[in-house]
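First comes the structure, then the notes that go with it.
Note that ligands are numbered from 1 as they come in the structure, with each ligand's atoms numbered from 1 the same way.
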Amino acid sequence: MADPYDLVVIGSGPGGYVCAIRASQLGLRTAIVEKRATYGGTCLNVGCIPSKALLHASELYEEAGHGFARMGIKVSPELDLTRMLAFKDEGVKGNVDGVAFLLKKNKVDAFHGTGRILKAGRVEVTTAAGERQVVEAHSIVIATGSDVARLAGLEIDEEEIVSSTGALSFAKVPERLLVVGAGVIGLELGSVWRRLGSSVTVVEYLDRILPGMDGEVASALERLFSKQGLAFRLGTKVVGVERIEGGLDVSLEPAKGGAQDHIEADAVLVAIGRVPFTDGLGLDDVGVVRDARRRIVVNGQFETNVTGIYAIGDVIAGPMLAHKAEDEGMAVAEILAGQAGQVNHDVIPSVIYTTPEVASVGKTEDELKAVDVAYTVGKFPFTANGRAKVNRTTEGFVKILADADTDRILGVHIIGANASELIAEAAVIMEFGGSAEDLARTCHAHPTLSEAVKEAALAVAKRAIHM
Ligand code: FAD
Ligand code: NAI
């Protein structure tokens, strides 16, 4: 048998492939195991990348139909869904091929098949054809990601009752789409199909959308999405779906109990969260401990209770986000190479790529209240920002939460065009422990949307200029 690798990574999503590349850069002999035909995991194949391609294309379609005319551009857009789906698939291919190139360039050995840990240091790989081989390595990193959470009574067939994966590839626009879950996937993919012509109803168990997000931001979003045409049924649960002539009959019930009612739909998207994926990994045989939510338990160095076995990304605790997985991948590679890799889990931005976009980093007001931290709020609306006014993208605001004693920025929440890009400066300043004053005194180019971030920082000390 060949010499053992320094590291074998199981799973080639954003966590796994970044970990493998960084380990190789640092001189570790590295292998990666992937059961899918292409690299890049959920994110590149059926997650971040294809959903953003459809969000982009459908936003332009809607803009062409409703927004261009006021700028003096006359067009009559017509949807070619087959081409739009091909546009998405081309984007996915470009990205997964890019990862294959990077792994090769960085001399990471790839094994195609399902990995199963036999014991610390030994991973058995079974190919789709059933051939087995054992890969030996001093360390193992589990980066097997997550899978769709299922709802009892709703069998996902990826055609009529779909998960996010099926909702990325509907062969025709469903006339009536019912979305279960007003979370990130429900709102992003619900928006895509609404823009393309579906009548969309979002059923949410809780009495608000986007649990976990700042309450004021979530309420503002609910109003904006309702105005766009998404119908919300909050405080409601789906209790069953039956196939009837010409569609699906969805039974609903108040979350607190009560009389049932029904909605007819042509398709149902189940988007009630994701669960860590560890099927077939052999974790119980090896004795790797998981918590009550089936997440692999790791210490501050990303090591499990079994020496030499590490885990990162969606399969461990924390937000299920690609950049969180990537940073953990990088950190564990550095730790294995003897460096001081670490991730600041207090500063992980999150974005919802709807129109307008939503982005946040750090604490929400509810979280600060819960721990009794005194804070000040600086808020600035895009209606008062010159660039937003001229572009007619005035929906939303920037909200900055700063420590009332020290002025240190504790949280930033943005609803508005390009919020996904604007949040980066908030993350940088928070990573450096910066204050609202630091941000307010930083010169921002004019005319840019980023001036709204500066104005919100000025507003913390009640000295915004343009309001
Ligand atoms: P994954 O990307 O899930 O990769 C795990 C890989 O491991 C998979 O390729 C799988 O095939 C492989 N694998 C599993 N078991 C084995 C085994 N035993 N042997 C070999 N291989 C195995 N996050 C964002 O930050 N931004 C977004 O815009 C965003 N959009 C999303 C949209 C959708 C529709 C979905 C579903 C998710 C989205 N996410 C987004 C979340 C993001 O995709 C995940 O957080 C991210 O992919 C997690 O990375 P990971 O490396 O932990 O796991
Ligand atoms: P989610 O956790 O964001 O939202 C699920 C929603 O479903 C919640 O509002 C929850 O209260 C509700 N819910 C749960 N059970 C329900 C039930 N029985 N009936 C009705 N509602 C119910 O999960 P989602 O949207 O599936 O996304 C999974 C994860 O994927 C996200 O948490 C996120 O980490 C990741 N993701 C990230 C994206 C981004 O960064 N832009 C985009 C898409 C996904």
Next on the checklist: I'd like to know whether ligand 1 has Y39 as a neighbour, heavy-atom separation below 4.0 Å.
Outcome noted: no
Checklist entry - Between E188 and ligand 1, which residue portion shows a heavy-atom distance shorter than 4.0 Å: side chain, backbone, both, or neither? => result neither
Checklist entry - Just wondering, do E328 and H345 contact through their side chains at under 4.5 Å, heavy atoms? => result yes
Checklist entry - Using 4.0 Å as the upper bound for N to carboxylate O, is an ion pair formed by E365 and K399? => result yes
Next on the checklist: Under 6.0 Å between ring centres: does that hold for Y61 and H56?
Outcome noted: no
Next on the checklist: Evaluate R290 against D284 for salt bridge (charged side-chain N to carboxylate O under 4.0 Å, His left out), listing each step before the verdict.
Outcome noted: CA-CA 9 Å; R290 276 169 285 176; D284 291 334; 2.7 Å; yes
Checklist entry - Taking distance alone, with no angle check, do T42 and ligand 1 share an N/O pair under 3.5 Å? => result yes
Next on the checklist: Quick test: of every protein heavy atom, which one is nearest to atom 16 (C) of ligand 1, and how far off is it to 0.1 Å?
Outcome noted: T144 CG2, 3.6 Å
Next on the checklist: Checking a contact table here: which protein heavy atom is nearest atom 52 (O) of ligand 1, and how many Å away?
Outcome noted: D314 N, 3.0 Å
Next on the checklist: Could you identify the single nearest non-hydrogen protein atom to atom 7 (O) of ligand 2 and state the distance to 0.1 Å?
Outcome noted: G181 CA, 3.3 Å
Next on the checklist: Under a 4.0 angstrom heavy-atom cut-off, which atoms of ligand 1 come close to G113?
Outcome noted: 19 (N), 20 (C)
Next on the checklist: Looking at ligand 2, would S350 count as a contact under a 4.0 Å heavy-atom criterion?
Outcome noted: no
Checklist entry - Nearest protein heavy-atom contact for atom 7 (O) of ligand 1: which residue, which atom, what distance? => result G11 CA, 3.2 Å
Item to check | Test item: S191 and T355 side chains (from C-beta on) under 4.5 Å apart, heavy atoms | outcome: no
Checklist entry - Can you find a non-hydrogen atom of R274 under 4.0 Å from ligand 1? => result yes
Checklist entry - In terms of residue, atom name and distance, what is the protein heavy atom nearest to atom 28 (O) of ligand 1? => result K52 NZ, 2.7 Å
Next on the checklist: Within the structure, is a non-hydrogen atom of G280 found at a distance of less than 4.0 Å from ligand 1?
Outcome noted: no
Checklist entry - For ligand 2, is any non-hydrogen atom under 4.0 Å from I185's backbone (N, CA, C, O), its side chain (CB onward), both, or neither? => result both
Checklist outcome for this item: atom 51 (O) of ligand 1 sits nearest the protein heavy atom G15 N, 2.9 Å
Checklist entry - Given that the side chain starts at C-beta and the backbone is N, CA, C, O, which of these parts of L151 lies under 4.0 Å from ligand 2, counting heavy atoms, or is it both or neither? => result side chain
Checklist entry - With atoms numbered from 1 as shown, which atoms in ligand 1 lie under 4.0 angstrom from a non-hydrogen atom of S51? => result 32 (C)
Checklist entry - Which atoms of ligand 1 are found less than 4.0 Å from any heavy atom of G41? => result 2 (O), 4 (O), 8 (C), 9 (O)
Checklist entry - Salt bridge between E334 and R22, side-chain N to carboxylate O under 4.0 Å? => result yes
Item to check | Side chains of T144 and K35, donor plus acceptor under 3.5 Å | outcome: no
Checklist outcome for this item: Nearest non-hydrogen protein atom to atom 1 (P) of ligand 2, with distance, is G183 CA, 4.1 Å
Checklist entry - S146 and D314: side chain to side chain donor-acceptor pair (under 3.5 Å), yes or no, with the steps? => result CA-CA 6 Å; S146 61; D314 279 10; 2.7 Å; yes
Item to check | From the candidates K324, M320, H323, the one that places a heavy atom nearest atom 41 (C) of ligand 1 | outcome: M320
Checklist entry - Is any heavy atom of the protein nearer than 4.0 Å to atom 32 (O) of ligand 2? => result no
Next on the checklist: Among all the protein's non-hydrogen atoms, which is closest to atom 28 (C) of ligand 2, and how far away is it?
Outcome noted: R274 CG, 3.6 Å
Next on the checklist: At less than 4.0 angstrom from any non-hydrogen atom of C43, what atoms of ligand 1 do you find?
Outcome noted: 2 (O), 43 (O), 47 (O)
Checklist entry - Nearest heavy atom to atom 18 (N) of ligand 1: which of C48, G115, G145 does it belong to? => result G115
Item to check | Whether A271 lies under 4.0 Å from ligand 2, heavy atom | outcome: yes
Next on the checklist: F382: which residues meet the ring-ring contact (aromatic ring centres under 6.0 Å, His included) condition with it, sequence neighbours left out?
Outcome noted: none
Checklist entry - For the residue pair F111 and Y5, does the interplanar ring angle fall in the parallel (under 30°), tilted (30 to 60°) or perpendicular (over 60°) class? => result perpendicular
Checklist outcome for this item: For S164, the atoms of ligand 1 under 4.0 Å from one of its heavy atoms are 34 (C), 36 (C)
Checklist entry - When you measure from the centre of the six-membered ring of F397, is the NZ or CZ of K379 under 6.0 Å away and within 45° of the axis? => result yes
